[in-house]
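Okay, structure first, notes after.
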Amino acid sequence: MATLRSEALILRSVDFGESDRILHLLLPDQGRLTVIAKGARRSLKRFSGTLDLFNHLSVQVEGRRRNSMARLEQARLIRGFAPLRVDPMRFALGCYLLELLDRLAPEGGVRADMQQLFSFALDALQWVAARPPDLTQRTILELRALDALGLRPELRDCVRCKREVVGEGEQVFHVAEGGPLCGTCAVSLEGLLSVHVGTLRALQQGLSLDLGVIDRLSMGPSALAEARRLVTRLQHFHVGMTLQSERFLDRLFRESGISPSPAETLSSDRFPVA
Amino acid sequence: MRSSPPIDRLVESLKRLPGIGEKTATRLAFYLVGAADNQVQALANAIGRLKQEIVLCERCFDLTDHSPCQICLDPKREPGLLCVVEEPADLAAIEKSASFRGHYHVLGGAFAPIDGVGPDELRVRELLERVRGGEIQEVVLATNPNTEGDATAHYLADQLRESGVKLSRIAYGMPLGGDLEYADHVTVGLCIENRRGL
């Protein structure tokens with residue numbers, strides 16, 4: 001890789017050695033890229049105030065040479081999402097989204113997909129910066145993050161026979177296959193997640209609405225609990241682990257009194273994950 | 001080129017220290033080979049005793065050889081003024097400035113949710129207990145002015161607000177000797193926002 005000039009979003013920043021910093025960047029054309037910023041912690045001029053988490057930058061990166069990492073040569077701040085610094089809950093949700101992107105965003109990839117992912121990341125941070133989040137919006141943002149990462153679940157048709165899942169009541173969802181199963185296809189399968197068809201419709205709406213108006217979407221307590229369970233299971237399935245920032249985010253939501261306690265969440269888990 | 005296993009071992013150990021690469025480690029190792037026995041012994045003893053004698057102060061959680069530390073026991077310091085910092089090195093930097101005459105509380109870091117660091121991994125509970133003790137009148141939140149430090153400071157402010165103590169945050173601004181043209185627009189914006197009358 002020769003010299004690269006691009007926009008970038010800082011997903012992660014790790015101190016390295018005495019004065020360097022390793023950064024995980026999300027780039028609109030390339031997906032995730034790890035770079036080293038030499039002397040970043042010591043220099044007052046070169047990277048002054050630019051290498052903070054959430055920062056949207058214009059960067060110049062020198063390509064990798066043999067075993068060395070790509071090197072950040074210049075960075076100019078485009079946008080800083082300041083409200084994420086001063087509200088612990090927005091900070092926590094922002095970190096959670098960054099960690100999800102950092103874990104799942106590919107290095108390289110189809111250019112159009114990467115641009116869509118980059119746009120989603122900026123829009124999502126702007127959304128979080130603009131208003132205090134609630135549990136419905138957190139759930140929809142997580143689902144949309146999976147969608148932007150190319151992991152959109154099916155929410156309408158049976159993932160096996162492709163027929164629309166119809167009916168008013170409880171349906172079953174196969175987490176590993178990423179969608180609901182109709183009554184015929186679900187026969188003799190065990191360990192499926194139970195979910196009301198209304199919850200699936202609400203999530204579908206959450207995916208199709210413009211991001212700027214998702215706060216108009218509301219769900220009742222039981223639908224929200226189901227939606228959270230479903231999105232959390234999907235996310236854990238794809239990431240393969242619980243995100244480190246999830247515990248912190250859950251704690252802040254609980255302290256604000258807007259999240260079900262872990263005990264309530266567990267008590268509604270009637271079905272083990274598929 | 002290495003000469004013998006004892007020198008290799010020392011070079012390997014020295015290389016792990018911050019700011020020391022292969023060349024510096026090799027130079028130091030050869031210097032020590034040629035140094036007087038008592039000088040080398042004194043260095044080895046000082047390093048060996050470091051881990052045995054340094055403890056955390058039971059009040060402020062700074063590194064000290066006696067707990068409570070000298071700062072906590074100093075009667076000339078303002079008992080009602082408490083400065084919250086992330087690390088002992090930050091405390092040392094403020095002490096070096098000789099501009100603060102209160103007491104300290106070392107949190108042990110700042111929130112880093114992606115690394116699993118939240119309130120339970122820092123000394124937040126100890127801070128809240130200390131402030132609820134009643135002697136503290138003002139808490140200066142001196143966590144670093146980066147995203148994690150700001151978020152930590154605002155979380156602590158939310159937690160401390162009900163105790164009724166005065167809360168303040170260290171100021172943002174241009175470093176002395178800095179150039180406005182090189183500063184990012186967020187820093188310049190904060191400088192203008194937080195300007196002071198003359």
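Here is how names work: the chains are called A, B, and so on, in the same order as the sequence lines, proteins then strands, and each is numbered from 1.
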- Of B:Asp115, B:Thr152, B:Thr187, B:Val117, the largest count of non-hydrogen pairs under 4.5 angstrom with chain A goes to B:Asp115
- Task: Specify which of B:Gly118, B:Pro119, B:Ala153, B:Ala157 makes the most heavy-atom pairs with chain A at under 4.5 Å.
- Result: B:Pro119
Can you tell me how far the [atom1] atom of [X] sits from the [atom2] atom of [Y], to the nearest 0.5 Å?
X: A:Arg103; Y: B:Ile114; atom1: CZ; atom2: CD1; result: 9.5 Å
X: A:Leu51; Y: B:Asn146; atom1: CG; atom2: CG; result: 11.0 Å
X: B:Glu121; Y: A:Arg247; atom1: CD; atom2: CZ; result: 4.5 Å

Evaluate whether atom [atom1] of [X] has more than 12 neighbouring non-hydrogen atoms of other residues, nucleotides or ligands under 6.0 angstrom away.
X: A:Gln115; atom1: CD; result: yes
X: B:Glu162; atom1: CD; result: no
X: B:Asp37; atom1: CG; result: no
X: A:Arg5; atom1: CZ; result: no
X: A:Arg79; atom1: CZ; result: yes
X: B:Arg49; atom1: CZ; result: no
X: B:Glu135; atom1: CD; result: no
X: B:Phe100; atom1: CZ; result: yes

Tell me, side chain or backbone of [X] under 4.5 Å from chain B's heavy atoms, or both, or neither?
X: A:Leu243; answer: neither
X: A:Phe54; answer: side chain
X: A:Leu57; answer: neither
X: A:Leu11; answer: backbone

- Item | From CA spacing to verdict: side chain to side chain contact (heavy atoms under 4.5 Å, CB included), A:Arg251, B:Asp120 | CA-CA 10 Å; A:Arg251 178 189 174 132; B:Asp120 295 336; 2.7 Å; yes
- Message: Is B:Asp158 close to chain A through its backbone or its side chain, or both, or neither, when contacts mean heavy atoms under 4.5 Å?
- Response: side chain
- Query: Tell me, side chain or backbone of B:Glu181 under 4.5 Å from chain A's heavy atoms, or both, or neither?
  - Reply: neither
- Looking only at A:Met89, A:Glu246, A:Arg12, the option with the highest number of non-hydrogen pairs under 4.5 Å against chain B is A:Arg12
- Message: Do B:Thr147 and A:Arg85 have side chains that approach each other closer than 4.5 Å (heavy atoms only, starting at C-beta)?
- Response: yes
- Task: Evaluate the side-chain proximity of A:Phe91 to B:Asp150: yes if any heavy-atom separation is below 4.5 Å, no if none is.
- Result: no
- Note on the structure: Shortest non-hydrogen pair, B:Ala151 vs A:Pro88, comes out as O-CG, 4.0 Å
